[in-house]
Structures are given as structure tokens and as C-alpha cells.
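The next block holds one structure in the form of C-alpha cells; read it before the comments.
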Amino acid sequence: MPLSKRQFELGIDSEAEGWMRQAYWFLAGQTDLAYSLEELEETILGTEGSSGQAGKLEHALDVLAEIGAFDKAKVRGTDYYAFREEFDTETWERVLSKV
């Protein structure tokens, strides 16, 4: 299955992009909280997710941190993610504020 140019640039496939959208909208609705990787895995993949899916989700979350949509921090050995900035979830481009 071909990738969009943006998926290619981000190093993701359609499944990972869907997870990125789920994670983005979940954290966008909770801007005062940070969630651990495990909490996001359970929220997005459920309890039936495989280790392969978990690794792929972690990569998708890291992509969101790399582009600036999320902040990522390690707290006592655990990766946490928090909403940082508004993005268009179709293009994964930063939404410029209209000031």
C-alpha cells in the first residue's frame, strides 16, 4: 500500500497515523495532564495490543514529539507525553494562530 508523501516524511504508515490522531485528540482534551507510554498504549491499543503494535505506537508518539505537537519527558525511568501545540491532523502541520 502506498504512503502519502507526508507519511513518508514522518516515517509512518496509515495505521500509525490513525494512532497519532487518537493520541493527539486524547491529549488535546487533557492539556493539563501528561500520560505515560503505558497509559497511552492501554488507551489506544487496549489490553489486547501486541508488543509489535506497542513499539509502533511508541514511534508514532515520538513523531508527535519530534514535530512539536507533544512534549516528551522521562520521569523516574518512564516516558511521559503531554499536549504541546495545535496541529492540523490531516497534514501534521502546525496551526498558526491568528493574532
Side-chain angles (χ1 to χ4, degrees):
M1 170 182 240
L3 301 174
S4 72
K5 179 76 176 211
R6 188 63 173 147
Q7 288 172 329
F8 175 78
E9 292 168 351
L10 296 175
I12 58 167
D13 62 15
S14 295
E15 182 178 45
E17 186 173 18
W19 293 340
M20 285 171 63
R21 284 190 183 97
Q22 285 181 278
Y24 177 88
W25 289 114
F26 179 73
L27 290 182
Q30 313 214 27
T31 58
D32 58 335
L33 298 173
Y35 285 85
S36 71
L37 174 58
E38 288 179 357
E39 291 167 326
L40 290 170
E41 285 174 1
E42 188 172 316
T43 298
I44 294 166
L45 301 177
T47 57
E48 302 299 316
S50 69
S51 62
Q53 287 178 313
K56 189 174 178 178
L57 174 61
E58 183 176 10
H59 174 71
L61 296 171
D62 287 345
V63 167
L64 287 166
E66 289 170 16
I67 65 174
F70 287 177
D71 286 321
K72 178 183 178 183
K74 190 172 286 291
V75 179
R76 294 177 44 186
T78 300
D79 289 333
Y80 279 83
Y81 298 85
F83 184 82
R84 179 177 182 186
E85 194 168 340
E86 189 176 351
F87 271 69
D88 179 327
T89 59
E90 293 300 315
T91 63
W92 296 112
E93 298 291 336
R94 186 172 279 119
V95 173
L96 302 175
S97 62
K98 297 173 181 143
V99 178

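Heavy-atom basis, side chains included; hydrogens, waters and symmetry copies ignored.
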Legend entry - Residues clustered with V75, ILVMFWY side-chain links under 4.5 angstrom: Y80
Inset, instruction - Find out if a path of hydrophobic residues (ILVMFWY) with successive side-chain heavy-atom gaps under 4.5 Å connects F8 to I67. - result: no
Legend entry - Heavy-atom donor-acceptor pair, E42 side chain to E39 backbone, under 3.5 Å: no
Legend entry - For W92, all residues meeting side chain to side chain donor-acceptor pair (under 3.5 Å), sequence neighbours excluded: E17
Inset, instruction - Keeping the roles fixed (side chain from Q30, backbone from L27), state whether a donor-acceptor pair exists under 3.5 Å. - result: no
Legend entry - Derivation of the side-chain contact (heavy atoms from CB on, under 4.5 Å) call for T78 and K74: CA-CA 5 Å; T78 300; K74 190 172 286 291; 6.0 Å; no
Inset, instruction - Could you check if a side-chain atom of L40 sits within less than 4.5 angstrom of a side-chain atom of F26, using non-hydrogen atoms only? - result: yes
Legend entry - Exam field: side chain Y24 to backbone F70, donor-acceptor pair closer than 3.5 Å: no
Enumerate, atom names and distances included, each donor-acceptor pair closer than 3.5 Å involving a side-chain atom of residues 54-65, sequence neighbours excluded.
from: K56; atom 1: NZ; to: D13; atom 2: OD1; distance (Å): 3.3
from: K56; atom 1: NZ; to: D13; atom 2: OD2; distance (Å): 2.7
from: K56; atom 1: NZ; to: E15; atom 2: OE1; distance (Å): 2.6
from: H59; atom 1: NE2; to: G11; atom 2: O; distance (Å): 3.0
from: D62; atom 1: OD1; to: K72; atom 2: NZ; distance (Å): 2.8
from: D62; atom 1: OD1; to: Y81; atom 2: OH; distance (Å): 2.7

Inset, instruction - Output the distance between atom CH2 (W25) and atom CE (M20), rounded to the nearest 0.5 Å. - result: 13.0 Å
Legend entry - Nearest atoms (heavy-atom pairs only) where G68 meets E85: O-CB, 3.6 Å
Inset, instruction - Output yes when a side-chain donor or acceptor of R94 lies under 3.5 Å from a complementary backbone atom of D88, and no otherwise. - result: no
Inset, instruction - Check whether any side-chain heavy atom of R6 sits under 4.5 Å from a side-chain heavy atom of E93, and report yes or no. - result: yes
Inset, instruction - Give, for atom CD of E86 and atom CZ of F83, the distance between the pair rounded to the nearest 0.5 Å. - result: 6.0 Å
